[in-house]
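Data block below; observations after.
Residue numbering restarts at 1 for every chain, and letters A, B, ... go by the order of the sequence lines. What you are looking at is a predicted structure, and each value in this text was computed from that prediction instead of being measured. Only heavy atoms go into these numbers, but all of them, side chains included; no hydrogens, no water, no symmetry mates.
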Amino acid sequence: MPQIGEQRVSYAPTSVSDMAAASFDVGVAPLEGGARLAVATLVEGRAADAVVHEAAHVAADARLAVPAARVVWQDARVVVPLLLDAGVRLERVRDLRLVHRILAQARGMEAEERWSRPMRVEAEGLFSLAPEAEPVEALAQQLALQEAAIGEDAGLRMLAAAESMGGVLAVELSRQGLPFDRARHDALLVEALGERPPGGGRPRRMEALATQVREALAAPRLNPDSPQEVLKALKRAGVDVGSTSRWELAEHEHPAVEPLIEYKHLARLHTANGWSWAQRWARTDERGRTRLAIEYVPGGVVTGRWATEGSGAMQIARQIRGAIAAEPGMRLVVADAAQLEPRALAAIARDEALADAGRGTDLYRGLVDRGVVESRQQAKIGMLGALYGGTTGESAVVLPRLARAYPRAMGVVEAAARAGERRERVRTWLGRTSPLPPRWRDDERGIRQARAWGRFTRNFVVQGTAAEWALAWMAGVRRAIRDVEGAALVCFLHDEVIVQAPEAQADAVAESVREAAAEAGRLLFGGFPIDFPVQTAIVGDWGQAKD
DNA sequence: AGAGCATGCGCC
DNA sequence: AAAAGGCGCATGCTCT
């Protein structure tokens, strides 16, 4: 089980010595102003024929060079838009920046080192590496170093390819935007929050709830958005709470509780995905199409998951998903991978019994059918407890039964947790390495911190591997739909993708999406018999896709 | 006034 | 003031 325990990759991007033969043929680097590109055919790691072209000429050159060329760049955010504009088909790519992060982490810096030089690794860019070199030669140098670090590690090699394609996908998704219907969004908001008063102020339903809360607490001037004020008012009214969080409020019987919880719910929707949010992030182009501008950050999360910047687009409230609507003549193919993380765990652990329970479409149901647990709900809680390190309540009750039924799978997450508690690093299936923990003492508090870190490493292995599968899946979807006229990936959410496709093609696209999932499973886990079922829905808007 | 922390929520 | 992982964001509030 290679993903548990210490593993170091030899990778020293600060010293350029090894100019080993590179297995790529075309390098692309941005030049001053970003408008021009250097394109070179590289032979044995050296630029043999470096030439500078206008972006528009790159397409022809890139194709001309070598059919199976790998295109290499320092930063997809700079280069990929130019290549896409030039019509280049990107298939085999290497994103030096993203792969550098993975290799640098695998090589491992002491926590103190990171602390004292927090920006060092990030800032260690291509041109600081080899300032004297021509851009294309510098690309070759850094690529050679990465290749040497990856060596024969097939997992890392796959991860480098997947992460790099993730860089392309993020640019493509960000450029595409998420189809958005302003009118429908407005209607959904009015339905939930009430009309907005013309002069500004709270929407009607929110204001009504605020009034109810104020009356119930005999606090006529209370600002329900201020936890401090609310807490004081609650105490004055005899509601003995330590915070205003929902779970705690719900334990009390008081006329203020229900409207307060409802108010907070609506306030959340209003601030997170309300009118000003739409105003800020929805853009209408010259063709009259409105889309949400979403900036994806591939590898933005330690585990390898993606993040978004600004729009909060990975947390779009379910209540307004109806506003994500296909454009005229189009449909949304909404696809999500069912119980992805337990399946990833089964595959990592080579746990055939758990894989068997997941055969078909519902792994949780499979656990019930095999008599491991009594209900689907129990299966879910138990499995989440195993993945997150639950120690109390229902999951503590169910966990021993899972451990008995699936000792291999549970053994992997337990081992990952123990390794983290010992301050060891763990690895995902393909080889992404967990960071080193901060230091903790040998006292009570230190033990708590160690346990917490163990829960993190436990989850890291599974969440990170699931993220790798999702990357491979999405790359497969991209490939499958590239020649479907008008079809495009428009959304990615950890284990879910949305493709917008012409109505006539939607069925075929959905089939491709399911097939890509199976393919991703084979790519990562070889012959291990694990299913990755994908629920697909072909809908007019996201709100119609029921989980 | 602005930075930074704390709180609380909702997404996976 | 959560239980059980990972995030991002808005708001309130304190400190400077």
Atom-to-atom span, CD of A:Gln319 to P of B:dG10 - whole angstrom: 8 Å
OP1 or OP2 of C:dC7 under 4.0 Å from side-chain N/O of A:Thr303: no
Verify stack between A:Tyr388 ring and C:dA4 base, 5.5 Å, 30 degrees: no
Rounded distance (Å) that lies between atom P of C:dG8 and atom CG of A:Leu292: 18 Å
Atom C1', compared across C:dA3 and B:dC5: separation rounded to whole Å: 24 Å
Atom-to-atom span, CG of A:Leu269 to P of C:dG8 - whole angstrom: 21 Å
A:Ala183 to A:Asp181 - nearest heavy-atom pair and separation: N-OD1, 3.0 Å
Short side-chain N/O contact to B:dC12 OP1/OP2 from A:Arg318, under 4.0 Å: yes
Base of B:dC12 paired with side chain of A:Arg305 (donor-acceptor, under 3.5 Å): yes
B:dC9 phosphate, OP1 or OP2, under 4.0 Å from A:Lys264 side-chain N/O: yes
Under-4.0 Å side-chain N/O to phosphate OP1/OP2 contact, A:Arg458 with C:dA4: no
Test item: A:Arg205 side-chain N/O and A:Ala192 main-chain N/O as donor-acceptor pair under 3.5 Å: yes
A:Arg448 NZ/CZ over A:Trp440 ring centroid, <6.0 Å and within 45° of normal: no
A:Ser375 side chain near A:Arg365 side chain, heavy-atom distance below 4.5 Å: no
Touch class at under 4.0 angstrom, heavy-atom based, for A:Gly385 against every strand present: nothing
Among B:dG8, B:dC12, C:dC7, the one nearest A:Ala307 by side-chain distance: C:dC7
Atom-pair distance (CD1 on A:Ile320; C1' on B:dC9), nearest Å: 15 Å
Touch class at under 4.0 angstrom, heavy-atom based, for A:Leu384 against every strand present: nothing
Length of the NE2-P vector between A:His265 and B:dG8, whole Å: 18 Å
salt_bridge(A:Glu191, A:Arg184) N-O dist < 4.0 Å: no
Parallel, tilted or perpendicular: rings of A:Phe525 and A:Phe532 (30°, 60°): parallel
Sugar-phosphate, base or nothing in reach of A:Val302, heavy atoms under 4.0 Å: sugar-phosphate
Nucleotide nearest A:Trp247 when distance is taken to its side chain, options C:dA1, B:dC11, B:dC12: C:dA1
Separation of atom CE in A:Met383 from atom C1' in C:dG5, rounded to whole Å: 15 Å
Which residue lies more 5' along DNA chain C, comparing A:Val301 with A:Ser243 via nearest heavy atoms: A:Ser243
Check: A:Tyr406 and A:Leu345 side chains under 4.5 Å, non-hydrogen atoms: no
Euclidean distance, atom CG of residue A:Asp495 to atom C1' of C:dG5 [Å, nearest integer]: 14 Å
Sugar-phosphate, base or nothing in reach of A:Arg455, heavy atoms under 4.0 Å: sugar-phosphate
C:dA4 versus B:dA3 - spacing of their P atoms, nearest Å: 36 Å
Separation of atom CD in A:Glu248 from atom P in C:dA3, rounded to whole Å: 13 Å
Derivation and outcome, salt bridge (charged side-chain N to carboxylate O under 4.0 Å, His left out), residues A:Arg343 and A:Asp495: CA-CA 12 Å; A:Arg343 294 171 189 279; A:Asp495 59 0; over 6 Å; no
Nucleic acid footprint by protein, nucleotides 9-16 of chain C - heavy-atom cut-off 4.0 Å, B for base, S for sugar-phosphate alone: SSSSS---
